[in-house]
> 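Below is the structure I would like to discuss, written out as structure tokens.
What you are looking at is a predicted structure, and each value in this text was computed from that prediction instead of being measured. First listed ligand is number 1; within each ligand, the first listed atom is number 1.
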Amino acid sequence: MSKIRNFCIIAHIDHGKSTMADRMLEITGTIEKRKMRNQVLDQMDLERERGITIKLQPVRMEYSGFILNLIDTPGHVDFTYEVSRSLAAVEGAIMLVDATQGIQAQTMANLYLALEQNLAVIPVINKIDLPAANIEKTKKEIIHLLGCQPQEIILASAKTGQGVVEVLKTVIDRVPAPAEKYNKMAKSRSNGDWIDYDERPLRALIFDSTYDEYRGVVVYVRIFDGMVKKGDKIVLLATQAKSEALDAGVFKPEYKSTGELKAGEIGYIVTGFRDVSYARVGDTVALTKFSHDTKALKGYDEVKPMVFAGIFPREGNEFEELREALAKLKLNDAALIYEPENSEALGFGFRCGFLGLLHLEIFQERLKREYNLNLIVTVPSVAYKVFKKNGEGLIIRSPQKLPDPSQTDRIEEPWVSLDIIAPKEYIGPILNLVQEKRGIYKNTEYIDETRVILHYEIPLVAILTDFYDKIKSASSGYASVNYDFIAYRQADVAKMDILVAEDAIEALAMIIYRDEAFKRGKEVVVTLKETLPKQMFAVKLQAAIGGKIIAAERISAMKKDVTAKLYGGDVTRKRKLLEKQKKGKKKMTAHGKGSVEIPSDTFIKLLKR
Ligand code: GDP
Ligand code: MG
């Protein structure tokens, strides 16, 4: 165990974590040259297309006689849960800071998470190859933040590889070897003596999991005590689910069977579970024979989803497939929560909770790609607390559920503390923007002479929408943002219904501030006008509060004769088109109400306006 080092790379998004991991994989010869590609640990197509890390990814490397287990993590605030789970599995963290950007909001947020876990933190300045790198300034910021010595900060370029060997050597020197957390209870029962290493009861923390069609549930674990071998009878302490370890191994980064995992190691166990609800992140894997004596490891704090949206299959018969897909995705996306929801207009579906809009977007995209599902996603909303006149209290996660105003005493909405890091010349524009969004200014902290941290409190809804984009443009791209839930506070809000062709579209209903009703109503109908495809008939678009129309637009009808532009001869083609049109009409009438199809990305577009 003294030869093992477990560590993460933490940083703000784009500061070079995944690229640093690439260089480490090369230097340690973990991945063959011909298989190497940029950000090789970003394995999902979605990650590669968007150039961001969404999932944590462990990999085991060997270097000068040591085993180095690295977990690469995402940087975006919506995926913080991936970071905090990774940090609980390791002893050290490399804090990477982009020399052209300096300390940013997620650098700090993730650093605090690492410090909470008592991890050894190794500060590294990255991208020193860039002409715009400001090493001295970045150094000062890091010293200010960590209180470390200048010589402790490593200068590196994940692109050229400069300094990366030094980073690896420092990991070996400064990250403590894993220490076994003896399971005291079990130990005293057997007189405090262990017969041999194998008999020390296994305790493995599940920090992630996935579902494999062939092998069932595979859990990603950090072994804290004892060991697990292929064939061992295992139990998960929280769910009491029992099975056999069908295999165990390490990440290279692909699965590499070793048949066993020992204390201090990071790897995977093939559990044989088919029911995905058995394996929860934060649960402890133990050996069945010791299960009564084994105390569970401290798991994880429960995630608090911030944004909710209804997800419904477009075709009613895909409900079961959606349920299965959600269960499997949940296994791989521990921050996701969901419960069944039934809607008159949309049928059976699920109300899902997310950490933010990007999380929702990615999730929706994964359902589409990985499970081939055609979905309707309702306008996302935060959770409101409703206090009724009869004293009843409710939590409302969908606008449709908001009780009638005549029954409502008051409504509360979630507020967050908001930290914005920016060069001080942008304080003015940022101040204006945050004020416009109902933010309350708290105070200003100086990182150094040129950059500040602005502390605010603000309603969560205000930052869900277009806030990031606006902050970026208000600061020429220099500002970064982090937030944290603080409390529920009173809000003057109402439900706005959206009517398309005189039908209230349940999925489009949203909760809005009363004093913004006209503006929001207008925005929505205009957005709809721009995004909805033309129909055979003219379509009225209306926004209403409590039955009163507050904004309206109209989409004119599509040209009737679809064959008009075909001249002359091609009769078959003409006939085909006419038939198609007939079919289309049938489909519309079959739908009866709500005959206008709303494309699913419209809902996110609406909120982003
Ligand atoms: P992550 O979000 O922290 O994982 O960052 P990535 O590793 O995905 O890198 C973000 C971008 O910065 C990519 O375009 C990288 O090629 C680039 N990058 C990373 N490290 C360096 C570096 O040391 N020098 C330069 N010039 N670019 C870098
Ligand atoms: Mg990355």
> Counting distance only, does the side-chain N/O of Asn332 pair as donor-acceptor with the main-chain N or O of Ser209 below 3.5 Å?
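Between the backbone of Ser209 and the side chain of Asn332 there is a qualifying donor-acceptor contact (under 3.5 Å).
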> In the protein, what heavy atom is nearest to atom 24 (N) of ligand 1, and what distance, to one decimal place, separates them?
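Here the closest protein heavy atom is Asp129 OD1, 2.7 Å.
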> Tell me whether Gln39 has at least one N, O or S atom under 2.8 Å from the Mg ion (ligand 2).
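It does not; every qualifying atom lies at 2.8 Å or beyond.
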> Have a look at Ala158, Ala21, Ala156, Gly163 and point out the one with the heavy atom closest to atom 23 (O) of ligand 1.
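Checking each option, the heavy atom nearest atom 23 (O) of ligand 1 is found in Ala158.
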> Is Thr53 close enough to the Mg ion (ligand 2) to have an N, O or S atom under 2.8 Å?
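Here the distance criterion (N, O or S atom, under 2.8 Å) is met by Thr53, so yes.
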> How close does the nearest protein non-hydrogen atom get to atom 5 (O) of ligand 1, and which residue and atom is it?
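For this ligand atom, the closest protein heavy atom is Gly16 N, 3.1 Å.
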> Give a yes or no on whether the backbone of Ala158 and the side-chain of Arg23 come within a donor-acceptor separation of less than 3.5 Å.
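Present.
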> Under a 4.0 Å heavy-atom limit, does Gln39 contact ligand 1 with its side chain, its backbone, both, or neither?
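Near ligand 1, Gln39 shows its side chain, while the N, CA, C and O stay back.
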> For ligand 1, note which part of Ser157 has a heavy atom under 4.0 Å away: side chain, backbone, both or neither.
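Both parts.
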> Given Asn126, Asp22, Asp42, Thr73, which one has a non-hydrogen atom that is nearest to atom 20 (N) of ligand 1?
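It is Asn126 whose heavy atom sits nearest to atom 20 (N) of ligand 1.
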> Where on Thr19 is there a heavy atom closer than 4.0 Å to ligand 1, on the side chain, on the backbone, on both, or on neither?
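It is both backbone and side chain that touch ligand 1.
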> Does any non-hydrogen side-chain atom of Lys159 lie less than 4.5 Å from one of Lys127?
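A side-chain contact is absent here, since even the closest heavy-atom pair is not under 4.5 Å.
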> So, do Tyr456 and Tyr441 have ring centers that fall under 6.0 Å from each other?
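Yes, ring centres under 6.0 Å apart.
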> Does the Thr28 side chain pair with the main chain of Tyr63, one donor and one acceptor, at a distance under 3.5 Å?
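No; zero donor-acceptor contacts below 3.5 Å.
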> What protein heavy atom is closest to atom 2 (O) of ligand 1, reported as residue, atom name and distance in Å?
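Result for atom 2 (O) of ligand 1: Asp14 N, 2.8 Å.
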> Please confirm whether Arg5 makes a cation-pi placement over Phe66, using NZ or CZ under 6.0 Å from the six-membered ring centre and within 45° of the ring normal.
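Here Arg5 fails the 6.0 Å and 45° test against Phe66.
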> Can you tell me the protein heavy atom closest to atom 21 (C) of ligand 1 and the distance?
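Here the nearest protein heavy atom works out to Lys127 CG, 3.5 Å.
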> For ligand 1, which atoms sit closer than 4.0 Å to a heavy atom of Leu130?
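This gives 26 (N) as the contact atoms.
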> Has the side chain of His12 got a donor or acceptor atom that lies under 3.5 Å from a matching backbone atom of Gln106?
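Yes: the side chain of His12 pairs with the backbone of Gln106.
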> Ala279 and Leu236: which non-hydrogen atoms are nearest, and at how many Å?
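Minimum heavy-atom separation between Ala279 and Leu236: CA-CD1, 3.7 Å.
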